[in-house]
Amino acid sequence: MLSSLSPSPLYAQELTFEQALSAVDESSAAVRFGMQQDDDFRQRKVSECQERMLKPLIFDAPNLSCSVDHLLTPLQRQKLLVLRRFLDVLLADGRAGLENEALAIAFIDFDRTQTRMQLGQRSELDVSQFQSLYQPVRVRFTEGEKSQRLSRELLALAQGKPGELSADVEIPDFNAWLQLPETETKEMIARALQSNPVLQKVTNETPLHEMMRDQLRYSIIEIMQALDVMQIEMESAQALIDYRDLYLDRSRTLYELEVKADLGDSMVEQTGARLAYHETLYQLVMLRATLNALQGYPLDKGLKQDKEE
């Protein structure tokens, strides 16, 4: 399945999830720059994280109370940025699709009202009303197209390929990540403390090492708690999709029977429900990828294994 933008000479061929991540390596300019800044960056982030951990906890999944950037290598951070930009493209395309549907329906209502006014069935006030409803949808549609372009620009920059934009982006199958990891949290913590590539480079038995161990342990616990909450959010989003599918079926039946029905609005609501589901899914994906990185695994661990099997 593809997520697409209208073709343009600037755009390259279809881009897959794996190709997007593989574009970044140790030779990438952003990664090399991060390596140069890494020691100062880590010291600063450790201090910032320590301050946040002392504040009252306000849980807002999937936002973490403490950034984990200083617990990741420059390469890991850049790959996570590529993943975020890749998902931004998918969301931008989804939102543009939603606004395209809304625009078509708003235009039909506006155009129909104009025709009926010419037949003496509607007033100029009615036309003005529908035009006032149509114009804001046009604005949102235009903003959606702009977001499609800008999200691809940012993805290309994150990959170190400025200007090489992809018209088609392959939508990955993230079903393997819909369930909580089978590994116990304490086992993940043990793995991270042993294999986290950043922690391995810090001298043992120093205050910096101890604080980073504490923050690494806390970050994994917090991510697991956030994933638990997001599973419930996914179930809620799926329930809304199921409802909107049934409602659309009813609206379509009434429309075919020539009974007044809100078929157009139902289609937009259905698309909106699916978009909301994917927004939550992509937040979950970012957390799963971050959890993998903290343990020293490839970002797509779990997804790749399932494909190979």
Side-chain angles (χ1 to χ4, degrees), residues 17 21 45-46 48-73 76-88 90-91 94 171-199 211-241 273-306:
F17 175 61
L21 289 181
K45 286 294 183 179
V46 166
E48 291 175 0
C49 184
Q50 195 68 16
E51 291 177 4
R52 291 194 186 102
M53 289 175 66
L54 294 175
K55 295 180 180 179
L57 177 63
I58 302 177
F59 187 76
D60 182 23
N63 297 323
L64 303 179
S65 61
C66 181
S67 168
V68 299
D69 285 350
H70 61 297
L71 301 172
L72 303 169
T73 66
Q76 288 176 319
R77 293 198 298 267
Q78 194 65 22
K79 283 184 175 289
L80 281 170
L81 178 60
V82 169
L83 174 57
R84 174 70 271 173
R85 297 308 187 199
F86 187 94
L87 298 177
D88 283 342
L90 298 182
L91 286 178
I171 301 176
D173 180 4
F174 291 121
N175 287 333
W177 278 356
L178 293 182
Q179 302 298 321
L180 286 173
E182 296 181 0
T183 308
E184 294 288 338
T185 301
K186 63 181 180 181
E187 295 176 13
M188 292 184 185
I189 293 174
R191 160 79 190 192
L193 293 178
Q194 179 181 7
S195 303
N196 179 275
V198 175
L199 191 63
M211 286 190 295
M212 289 183 65
R213 283 176 59 90
D214 290 343
Q215 291 168 11
L216 180 57
R217 181 184 292 106
Y218 176 80
S219 294
I220 290 177
I221 292 172
E222 188 175 26
I223 288 175
M224 288 300 295
Q225 292 293 318
L227 288 173
D228 195 31
V229 172
M230 294 195 72
Q231 272 210 306
I232 299 175
E233 292 180 354
M234 292 289 293
E235 293 172 3
S236 175
Q238 183 60 56
L240 180 59
I241 289 176
R274 294 185 181 280
L275 178 60
Y277 175 89
H278 283 97
E279 286 176 343
T280 304
L281 172 63
Y282 296 157
Q283 291 174 343
L284 182 149
V285 167
M286 284 301 301
L287 287 178
R288 288 296 298 265
T290 302
L291 186 64
N292 280 339
L294 289 173
Q295 298 174 78
Y297 290 125
L299 265 60
D300 58 352
K301 180 183 179 294
L303 291 179
K304 184 192 296 185
Q305 288 178 352
D306 289 344

Can you tell me how far [atom2] of [Y] sits from [atom1] of [X], rounded to the nearest 0.5 angstrom?
X      : Y      : atom1 : atom2 : value
Leu87  : Ile171 : CG    : CD1   : 11.0 Å
Glu233 : Tyr277 : CD    : OH    : 12.5 Å
Asn292 : Gln76  : CG    : CD    : 10.0 Å
Gln283 : Met234 : CD    : CE    : 10.0 Å
Ile223 : Leu284 : CD1   : CG    : 11.0 Å
Ile221 : Lys186 : CD1   : NZ    : 12.5 Å

Any side-chain heavy atom of Asp214 sitting closer than 4.5 Å to one from Arg217? yes

For residues Leu81 and Arg85, determine if any side-chain heavy atom of one lies less than 4.5 Å from a side-chain heavy atom of the other. yes

For [X] and [Y], which heavy atoms make the closest approach, and how far apart are they?
X      : Y      : result
Met230 : Leu287 : SD-CD1, 3.6 Å
Pro197 : Gly296 : CD-CA, 4.1 Å
Leu21  : Lys79  : O-NZ, 2.7 Å
Thr73  : Val198 : N-CG2, 3.4 Å
Met224 : Leu291 : SD-CD2, 3.8 Å
Leu178 : Gln231 : O-NE2, 2.8 Å

Could you go step by step and tell me if Leu216 and Ile189 meet the side-chain contact (heavy atoms from CB on, under 4.5 Å) rule? CA-CA 8 Å; Leu216 180 57; Ile189 293 174; over 6 Å; no

Donor-acceptor contact below 3.5 Å, side chain Ser219 vs main chain Gln215: yes

Has the side chain of Asn196 got a donor or acceptor atom that lies under 3.5 Å from a matching backbone atom of Leu71? yes

Cation-pi check, Arg191 to Tyr297: give yes when NZ or CZ is under 6.0 Å from the six-membered ring centre and within 45° of the ring axis, no otherwise. yes

The single option from Glu187, Glu182, Met188 passing side-chain contact (heavy atoms from CB on, under 4.5 Å) against Glu184: Glu187

Any residue meeting ring pair (Phe, Tyr, Trp, His ring centres under 6.0 Å) with His278, in chain and number order, not counting sequence neighbours: Tyr282

